[in-house]
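Below is one structure; the comments refer to it alone.
Proteins come first, then strands; the chains are lettered A, B, ... in the order of their sequence lines, and each starts at number 1.
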Amino acid sequence: MQYWLMKSEPDAFSIDDLARVEIEPWDGVRNYQARNMLRDQMQIGDQVFFYHSNCEIPGIVGIAEIATTGYPDDTAQNPDAKYYDPKSTAENPRWYRVDVKFVRKLKRTISLNELKANPTLTEIPLVRKGNRLSVMPVAAQHWHDILALE
DNA sequence: GCCAACGTTGGC
DNA sequence: GCCAACGTTGGC
């Protein structure tokens with residue numbers, strides 16, 4: 001079992017949205033590094049920190065879990081979709097997604113500021129300068145360290 | 001809204 | 001294969 005962190009802009013899709021729909025296909029990822037994790041590494045039952053980005057208080061707001069392994073993101077083949085990619089075809093899909101299932105909200109937001117300030121967490125990709133990946137792995141130890149802050 | 005830090009694209 | 005130009009992310 002592995003741990004992950006996935007970013008979402010709450011204006012577009014928040015933890016409350018996930019709580020309401022229960023399961024959501026995590027589509028629209030158009031970055032190869034993130035794609036490889038979705039396609040090759042995620043397993044059903046993996047635990048996910050749900051992170052709010054681009055908002056007043058960026059931070060971890062909830063927990064989700066991976067509900068499917070990676071499968072083709074066919075929104076890439078829809079010309080009307082926001083993340084349409086004409087180079088992705090049904091025969092040779094370029095982009096993948098997984099389904100993500102709501103587990104629970106955290107009792108409070110563990111803010112990015114707080115994560116940055118924590119000396120045991122200086123290694124996590126999230127707090128490193130300039131890291132814009134929307135999906136990233138979290139080491140088991142860091143998962144527990146972060147949850148202990150809740 | 002600004003802008004630093006990236007990733008991608010495409011000319012050469 | 002290099003690299004400048006461009007687009008995007010996301011904190012602030």
Side-chain angles (χ1 to χ4, degrees), chain A residues 2-21 24-42 46-66 69-139 141-143 145-150:
Chain A
Q2 279 193 272
Y3 299 99
W4 306 95
L5 180 142
M6 295 168 92
K7 294 179 186 173
S8 185
E9 300 189 14
D11 287 348
F13 190 80
S14 71
I15 187 70
D16 291 320
D17 293 326
L18 185 63
R20 188 162 35 76
V21 298
E24 176 76 1
W26 205 265
D27 53 28
V29 173
R30 298 292 180 265
N31 169 284
Y32 287 103
Q33 245 184 298
R35 187 279 310 268
N36 292 346
M37 292 187 264
L38 295 175
R39 187 189 59 185
D40 305 330
Q41 292 181 252
M42 287 187 173
D46 282 0
Q47 300 293 111
V48 179
F49 279 139
F50 195 105
Y51 178 90
H52 280 174
S53 66
N54 235 327
C55 55
E56 196 176 352
I57 304 174
I60 296 166
V61 294
I63 296 175
E65 76 178 38
I66 302 300
T69 52
Y71 64 102
D73 178 0
D74 62 16
T75 66
Q77 280 119 248
N78 176 2
D80 297 326
K82 186 179 173 193
Y83 295 105
Y84 174 57
D85 180 357
K87 290 177 190 156
S88 187
T89 64
E91 299 73 36
N92 192 13
R94 172 181 289 203
W95 304 115
Y96 282 72
R97 63 184 159 184
V98 297
D99 288 1
V100 165
K101 187 172 125 195
F102 178 75
V103 173
R104 68 179 180 90
K105 284 178 72 168
L106 296 190
K107 295 179 205 123
R108 64 183 192 88
T109 298
I110 300 174
S111 71
L112 179 61
N113 273 338
E114 201 174 338
L115 297 171
K116 279 181 172 169
N118 192 309
T120 68
L121 300 174
T122 53
E123 295 302 312
I124 62 173
L126 181 71
V127 306
R128 295 231 193 97
K129 198 171 166 187
N131 198 319
R132 306 177 321 175
L133 270 185
S134 61
V135 178
M136 47 185 96
V138 176
Q141 186 58 53
H142 290 145
W143 175 277
D145 289 345
I146 291 168
L147 262 192
L149 299 174
E150 182 185 9

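Checked by atom type and distance alone, the side chain of A:Asp17 pairs as donor or acceptor with a backbone atom of A:Ser14 at under 3.5 Å.
Atom P of nucleotide B:dT8 and atom CG of A:Asp85 are separated by 12 Å, given to the nearest angstrom. Atom CG of A:Asp11 is separated from atom C1' of C:dG10 by 13 Å (rounded to the nearest Å). If you take CD of A:Glu56 and C1' of C:dC12, they are 12 Å apart, rounded to a whole angstrom. Between A:His52 atom NE2 and C:dG10 atom P the separation is 13 Å, expressed in whole Å. Taking atom CD of residue A:Glu9 and atom C1' of nucleotide C:dT9, one finds them 8 Å apart after rounding to whole Å. The interatomic distance linking A:Tyr83 (OH) with B:dT8 (P) rounds to 15 Å, in whole Å.
Listed pair A:Lys7 / C:dG10 meets the phosphate criterion, a side-chain N or O lying under 4.0 Å from OP1 or OP2. One finds a side-chain N or O of A:Lys116 lying less than 4.0 angstrom from the OP1 or OP2 phosphate oxygen of C:dC12. The shortest distance between the side-chain N/O atoms of A:Tyr51 and the OP1/OP2 oxygens of C:dG11 is below 4.0 Å.
Classification of the A:Trp26-A:Phe50 ring pair by plane angle, with boundaries at 30° and 60°, yields perpendicular.
A:Trp4 pairs in a side-chain contact (heavy atoms from CB on, under 4.5 Å) with only one of the listed residues (A:Val138, A:Leu38, A:Asp46), which is A:Asp46.
The shortest distance between side-chain heavy atoms of A:Thr109 and A:Val61 falls below 4.5 Å. Inter-residue side-chain proximity for A:Arg97 and A:Asp74 is flagged as met; some heavy-atom pair is nearer than 4.5 Å.
The residue among A:Lys87 and A:Asn54 whose nearest nucleotide of DNA chain B is located toward the 5' end is A:Asn54.
From one end of the helix from B:dG1-C:dC12 to B:dC12-C:dG1 to the other, with five pairs defining each end axis, the axis direction shifts by 10° (rounded to 10°).
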Determine, stepwise, if the pair A:Arg94 / A:Asp85 fulfils salt bridge (Lys or Arg N to Asp or Glu O under 4.0 Å).
-> CA-CA 9 Å; A:Arg94 172 181 289 203; A:Asp85 180 357; 3.6 Å; yes
Listing time: all N or O pairs from protein to nucleotides 4-7 of chain C that are below 3.5 Å?
none

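At most 12 heavy atoms of other shown residues, nucleotides or ligands fall within 6.0 angstrom of atom CD in A:Gln33.
Closest to the side chain of A:Arg94, from the set C:dG11, B:dT9, B:dT8, is B:dT9.
Using a cutoff of 4.0 Å between basic side-chain nitrogens and carboxylate oxygens, A:Asp73 and A:Arg35 are not scored as salt-bridged.
Remark: A:Phe49 pairs with A:Trp143 by the ring-ring contact (aromatic ring centres under 6.0 Å, His included) rule, at least two apart or across chains.
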